[in-house]
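Structure first, commentary second.
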Amino acid sequence: MRTNAQIAADLATIAQLMDLLGEDSFRSSANARASRSIESLTAELSTLAGDRAALLKIEGVGPKIADKIIEACTTGRIGELEELRAKVPPGLLPLLNVPGLGPKTVRMFWQQAGVTDLAGLRRIIADGSILALPRMGAKAVEKIKGSLALAAEGGGRLPLGPAAMVARAMVERMRRVKGVAQAEFAGSLRRGRDTIGDVDILVATDDPEAAVRAFTSAPGVVAVLAAGETRSSVRIALGGAASPEAPSAEERDEPAPAAAPHDGPSVQVDLKVVPAESWGAALMYFTGSKDHNVALRQRALDMGYTLNEYGLFPLTDHEKAGGAEPLPPHKRGARPVAAADETAVYKALGLPYIPPELRENRGELALKTTPRLVELDDIKAELHAHTTASDGVLSIEDLARRARQRGFHTIAVTDHSQSSAIANGLKPARLREHIKAVHAARESVKGITILAGSEVDIKADGSLDYADDLLACLDIVVASPHASLSQDPDTATRRLLRAVEHPLVHILGHPTGRLVLKRPGLSPDMAALFAAAKSHDVALEINAHWMRLDLRDVHVHGAVEAGCLLAIDCDVHHPDDFDNLCFGVTTARRGWLTPDRCINCWPADRLHAWLRNKRKNLNTDRHG
DNA sequence: GCCGTTTTCGGCCCGACTGTTTTCAGTCG
């Protein structure tokens with residue numbers, strides 16, 4: 001059996017190999033598009049493989065690709081992929097990940113210089129023979145050398161949290177530049193993806209030069225990659241990154257820091273400068289995603305318009321007849337139908353405002369009204385938090401006060417259970433004492449409900465880490481997997497189902513145990529898990545820490561479609577962890593979660609009644 | 001290789017920037 005992620009990767013590789021072989025680019029991009037479509041699919045392909053009609057309903061999947069999916073699910077391999085692999089040196093594919101190198105250039109290196117891997121590329125750079133190749137001048141080679149150094153230090157994608165830090169600092173900085181009317185971050189960061197390739201900053205100004213100058217001289221900039229009138233790119237060091245208060249090189253009257261020595265990790269930040277009247281169209285354009293934008297532009301064409309980052313423009317009669325204008329509309333003085341704000345552009349396209357998190361071409365263009373998704377201010381309870389009793393840094397009282405400051409009506413104290421020795425998990429006797437301490441804290445901290453709970457380990461076989469009589473003493477039970485996170489899917493499914501079916505469990509905590517970019521975690525049968533969670537009235541957690549974001553967006557969407565309840569929790573260990581809530585909310589929104597299905601949004605009485613209700617059912621069962 | 005309120009065949013989104021070029025190809029988002 002192959003997972004969705006594996007099949008998506010297979011199709012993406014097919015597309016890359018086709019590119020390297022110089023095959024029809026439309027066939028290649030069809031494979032790439034199907035790959036992206038499958039990545040964001042909520043249903044498991046392995047369960048659809050017997051239903052060809054269902055596969056054909058997937059966006060971008062036609063007869064040929066459906067057959068490849070069926071082949072992958074039934075045999076575990078795709079013949080076409082293996083045939084393509086046989087034609088291309090395996091070491092060539094990583095060259096495509098070097099920034100600035102695309103399929104045409106890599107193919108040229110291969111065909112004309114015999115380069116078959118990264119070492120080969122380094123070799124022709126070292127001996128200078130690269131300079132004899134087409135379009136390879138001194139500057140181009142210097143750029144490639146820089147990109148190779150970057151690739152060596154692992155300049156890949158970045159988790160959402162650190163990327164957001166860099167972006168917020170840069171937005172603050174740009175807002176203080178003279179002439180700047182508006183500044184926001186856009187791109188995948190605004191859509192709230194769990195990882196970020198680069199940070200996109202959009203600025204509206206009547207003084208583009210000043211904006212670009214402030215941008216390229218910002219603190220933390222270690223390289224200027226491009227500096228045009230409307231677009232610029234830099235790399236910014238992570239860690240000591242762009243604090244808006246720090247003086248820039250320009251302000252310090254020092255030389256530009258382009259040559260500043262820097263070896264640590266960095267992130268690419270792109271600046272786009274537009275006039276204020278184009279703000280909305282530009283924000284839409286640079287928020288993406290690619291597939292959302294392509295669909296929007298196609299929709300515009302169908303309606304007799306053309307859409308670009310400067311606005312939505314009517315097609316000329318010449319264009320409607322299939323001709324092309326010599327200049328794009330904004331350069332020949334055409335008046336846009338809509339441009340200044342996003343809502344107006346969507347409206348002119350016959351659409352409601354689409355929240356950024358939904359702009360993935362996952363069905364949002366069929367919406368008739370803007371859905372009321374979960375918002376940060378809707379969250380009124382934190383149901384997963386640790387104290388000094390296990391591995392947190394706050395006392396019960398401090399935790400409760402911090403939660404009350406945030407405007408929450410409820411905080412759950414859920415320290416680790418005994419198996420989590422490394423996290424100072426509580427033995428049963430300590431938990432009984434801890435429950436008493438929670439009860440005592442209720443007397444000293446008023447104005448918030450403090451629940452006595454536990455984050456109880458789900459052991460490898462699905463059993464829980466405390467006996468039922470102890471769990472029954474708790475107000476709330478969050479059951480989470482912490483160890484044995486490399487189990488095969490079938491074992492993991494049985495394990496998590498057993499936990500969900502346990503009558504004393506309220507919330508399934510970070511269900512897969514994944515760590516963003518670090519650990520894939522469990523791959524259970526999500527459809528089975530959602531069905532069980534719904535029928536046993538267990539909420540599935542969206543762990544808000546940017547290193548977890550577990551459940552992830554597409555799984556949240558699947559859970560929402562299955563009718564499940566969800567919890568958004570910060571897994572608080574440190575007071576700053578409350579600030580991660582925004583990432584959990586954004587992930588929830590990407591899964592189309594509405595407040596009525598998120599237990600943290602419920603009023604206190606409804607939430608508390610729901611928590612008690614599970615205990616009531618238990619008593620009925622026992623006496624019945 | 002997919003897709004259809006102009007198309008079941010013939011299309012396939014749009015613009016900026018760079019470097020190596022005398023008018024454009026390649027890459028990126």
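So you know, we letter chains A, B, ... as the sequences are listed, proteins then strands, and number each from 1.
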*asked:* Under 4.0 Å, counting only non-hydrogen atoms across every strand here, what does A/Glu23 touch: a base, just sugar-phosphate, or nothing?
replied: nothing

*With sequence neighbours left out, what residues match A/Arg590 under side-chain hydrogen bond (donor to acceptor under 3.5 Å, both in side chains)?*
A/Glu360, A/Asp553

*Non-neighbouring partners of A/Glu561 that pass salt bridge (Lys or Arg N to Asp or Glu O under 4.0 Å), sequence neighbours left out*: none

*How many Å lie between OH on A/Tyr305 and C1' on B/dC14, as a whole number?*
19 Å

*Between B/dC3 and B/dT8, how far is it from one P atom to the other, in whole Å?*
16 Å

*asked:* Walk along nucleotides 15-25 of chain B from 5' to 3' and tag each nucleotide B, S or - by protein heavy-atom contact under 4.0 Å, base first, then sugar-phosphate.
replied: BSSSSS-----

*Sticking with atom C1', work out how far B/dT7 lies from B/dC12, rounded to a whole angstrom.*
12 Å

*Expressed in angstrom and rounded to an integer, what is the separation of A/Phe286 atom CZ from B/dC28 atom P?*
16 Å

*Grab the CD-P distance between A/Gln112 and B/dG26 for me, whole Å please.*
11 Å

*Can you sort out the partners of A/Arg190 under salt bridge (Lys or Arg N to Asp or Glu O under 4.0 Å), two or more places apart, ordered by chain and number?*
A/Glu342

*Going by the ring-ring contact (aromatic ring centres under 6.0 Å, His included) test, which pairs reach into residues 319-340 of chain A, not counting sequence neighbours?*
A/Tyr310-A/His330

Under 3.5 Å, side-chain donor or acceptor atoms of residues 8-17 of chain A against the rest of the protein: list the pairs with distances, not counting sequence neighbours.
from    : atom 1 : to     : atom 2 : distance (Å)
A/Asp10 : OD1    : A/Arg2 : NH2    : 3.3
A/Asp10 : OD2    : A/Arg2 : NE     : 3.0
A/Asp10 : OD2    : A/Arg2 : NH2    : 3.3
A/Thr13 : OG1    : A/Ala9 : O      : 2.8

*Rounded C1' spacing from B/dT23 to B/dC17 in Å*: 16 Å

Could you go over nucleotides 4-12 of chain B and give all protein N or O partners under 3.5 Å, atom names and distances?
none

*Which residues satisfy the salt bridge (Lys or Arg N to Asp or Glu O under 4.0 Å) test with A/Lys143, sequence neighbours excluded?*
none

_Gap in Å between the two C1' atoms, one belonging to B/dT20 and one to B/dC24, rounded_ = 9 Å

*Can a donor-acceptor pair be found between the side chains of A/Ser129 and A/Asp127 at a distance below 3.5 Å?*
yes

*By salt bridge (Lys or Arg N to Asp or Glu O under 4.0 Å), which residues pair with A/Glu82, not counting sequence neighbours?*
A/Arg77

*Using whole Å, report how far NZ of A/Lys64 lies from P of B/dC3.*
13 Å

*Please give, in whole Å, the distance from B/dC28 P to A/Asp270 CG?*
12 Å

*asked:* Check whether A/Thr75 reaches the backbone of A/Ala72 with its side chain - one donor and one acceptor, N or O, closer than 3.5 Å.
replied: no

*Taking atom P of B/dC3 as reference, at what distance in whole Å does atom CG of A/Leu56 sit?*
9 Å

*Map A/Asp200 and A/Ile58 onto DNA chain B by nearest heavy atom, then report which one ends up closer to the 5' terminus.*
A/Ile58

*asked:* Could you tell me how far B/dC14 sits from B/dT6 if I compare only their P atoms? Round to whole Å.
replied: 16 Å

_P atoms of B/dG26 and B/dT21, separation to the nearest Å_ = 13 Å

*Mapping A/Ala66 and A/Leu315 to their closest nucleotides on DNA chain B, which lands nearer the 5' end?*
A/Ala66

*Salt-bridge criterion met for A/Arg52 and A/Asp67 (N-O under 4.0 Å)*: yes

*To the nearest angstrom, how far is A/Lys57 atom NZ from B/dC2 atom P?*
17 Å

_Distance check needed: B/dG29 C1' versus A/Asp198 CG, whole Å only._
8 Å

*Identify the nucleotide, in any strand shown, that forms a Watson-Crick or G-U wobble pair with B/dT8, with both distances under 3.5 Å; if there is none, say none.*
none

*Mind checking A/Leu101 for me? I need base, sugar-phosphate or nothing, with any heavy atom below 4.0 Å counting as a touch.*
sugar-phosphate

